[in-house]
Amino acid sequence: MYEPNVVGDWQEYEEHAGLRVRVHRLEAAEPPRGRDDAAAGLTYFSVRVTVENRGARHRGIHLEDGQIDVRVGPDGEGAFIDWRNSQFIEGFDVHPLRRATAVVYAAAPEAALTHVDVQVQLRVDDEWADRRLWAGGIGVTEPTAAAAPAGTGQGGLAHQVSVFLKDQAEPGSA
């Protein structure tokens with residue numbers, strides 16, 4: 001069974017030796033240029049996608065709108081992506097031992113942010129790389145002391161992702 005990467009993990013591209021990518025810093029964050037009217041009633045968050053070149057030659061990287069898909073909640077509904085506030089990688093040469101980072105601002109219902117999936121399809125030297133998927137979540141809401149299970153908080157994200165992946169792997173789970 002194919003399992004997605006956990007937010008923060010690096011993923012190597014076999015077809016492009018030395019190139020790797022990761023989705024990281026998934027966090028609640030307000031956009032720098034103000035909220036989009038279309039996101040009224042939604043909670044904003046940001047996610048970073050970093051491409052690193054550990055190879056011997058430079059690579060032309062494209063990571064633009066449409067190449068990053070953000071899904072939220074247990075049903076995988078599309079998040080609102082704020083293109084105006086997001087920063088993409090548009091035709092940048094990433095030299096050896098260098099990195100380039102895209103920052104995506106998105107919004108979704110607060111309750112859905114416990115499950116966030118980010119799919120990335122990188123274009124390298126005008127060739128499409130395989131799509132990669134990262135799973136994570138944001139504990140935006142503060143649970144009450146009576147309702148809070150043990151182990152939640154800063155260290156609880158890994159546990160939540162692990163439980164989610166196990167639930168998805170079980171036969172008969174919807």
Side-chain angles (χ1 to χ4, degrees), residues 4-11 13 19-52 59-94 98-124 126-144 147-148 152-154 156-158 160-161 163-165 168 174:
N5 301 296
V6 174
V7 169
D9 288 349
W10 285 99
Q11 176 65 52
Y13 279 100
L19 201 63
R20 65 185 193 160
V21 67
R22 78 174 174 160
V23 171
H24 59 109
R25 288 193 52 190
L26 175 60
E27 58 194 10
E30 285 295 316
R33 291 183 212 88
R35 298 174 65 88
D36 190 299
D37 293 341
L42 301 177
T43 301
Y44 262 93
F45 62 98
S46 68
V47 62
R48 294 177 184 268
V49 180
T50 298
V51 178
E52 181 179 61
R59 300 285 188 163
I61 303 299
H62 300 274
L63 189 55
E64 304 167 338
D65 55 335
Q67 292 174 250
I68 301 172
D69 190 16
V70 180
R71 301 281 164 172
V72 296
D75 293 329
E77 295 180 17
F80 168 77
I81 298 179
D82 189 335
W83 304 114
R84 182 176 60 102
N85 280 297
S86 297
Q87 303 162 354
F88 298 99
I89 304 169
E90 300 177 19
F92 189 78
D93 289 336
V94 180
R98 298 287 188 186
R99 294 178 177 175
T101 300
V103 181
V104 177
Y105 285 90
E110 188 172 357
L113 295 180
T114 57
H115 294 79
V116 179
D117 294 328
V118 180
Q119 182 172 272
V120 175
Q121 185 171 22
L122 192 63
R123 200 166 82 213
V124 181
D126 293 323
E127 294 178 18
W128 291 101
D130 291 337
R131 287 188 298 265
R132 300 286 197 263
L133 180 67
W134 282 262
I138 303 173
V140 176
T141 57
E142 293 291 327
T144 63
T152 59
Q154 292 287 14
L157 175 60
Q160 291 174 13
V161 170
V163 168
F164 173 74
L165 292 174
Q168 296 301 309

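Source: prediction; values computed, not measured.
Interatomic distance, D69 CG to Q121 CD, rounded to the nearest 0.5 Å: 11.0 Å. To the nearest 0.5 angstrom, R22 atom CZ is 10.5 Å from R48 atom CZ.
Each of V120, L26, D117, V116 was compared with W134 under the side-chain contact (heavy atoms from CB on, under 4.5 Å) criterion, and only V120 meets it. Just one of R99, H24, R25 meets the side-chain hydrogen bond (donor to acceptor under 3.5 Å, both in side chains) condition when paired with T50; it is H24.
R132 contributes no side-chain N or O that, together with a main-chain N or O of Q11, makes up a donor-acceptor pair within less than 3.5 Å. At distances below 3.5 Å, not a single donor-acceptor pair connects side-chain atoms of D75 with backbone N or O atoms of E77. Within the 3.5 Å criterion, the main-chain N or O of W10 finds no donor-acceptor partner in the side chain of N5. Proximity of a side-chain donor or acceptor of R84 to a complementary backbone N or O of R33 within less than 3.5 Å is detected.
Contact record, H62 with E90: ND1-C, 4.1 Å, taken as the closest heavy-atom pair. What you find for Q119 and R131 is that their closest heavy atoms are NE2-CD, 3.2 Å. Closest approach of V104 and F88 over heavy atoms only: CG2-CE2, 4.2 Å. The two residues I68 and I81 have their closest heavy-atom pair at O-CD1, 3.8 Å. For E30 against Y105, the heavy-atom pair with the smallest separation is O-CE2, 3.6 Å. Closest approach of I89 and A102 over heavy atoms only: CD1-N, 3.9 Å.
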I'd like to know whether I61 forms a side-chain contact (heavy atoms from CB on, under 4.5 Å) with V124, so could you lay out the CA-CA distance, the side-chain angles of the two residues, the decisive distance to 0.1 Å, and finally the verdict. CA-CA 5 Å; I61 303 299; V124 181; 4.2 Å; yes
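Considering only heavy atoms from C-beta on, V51 stays 4.5 Å or farther from F92 through its side chain. Between D82 and Y44, some side-chain heavy-atom pair lies under the 4.5 Å cut-off. In this structure, V72 and F80 have side chains that are not in contact, with every pair of non-hydrogen atoms separated by 4.5 Å or more. No side-chain heavy atom of T101 sits under 4.5 Å from any side-chain heavy atom of V49. Here the side chains of L122 and L19 are in contact, with some heavy-atom distance below 4.5 Å.
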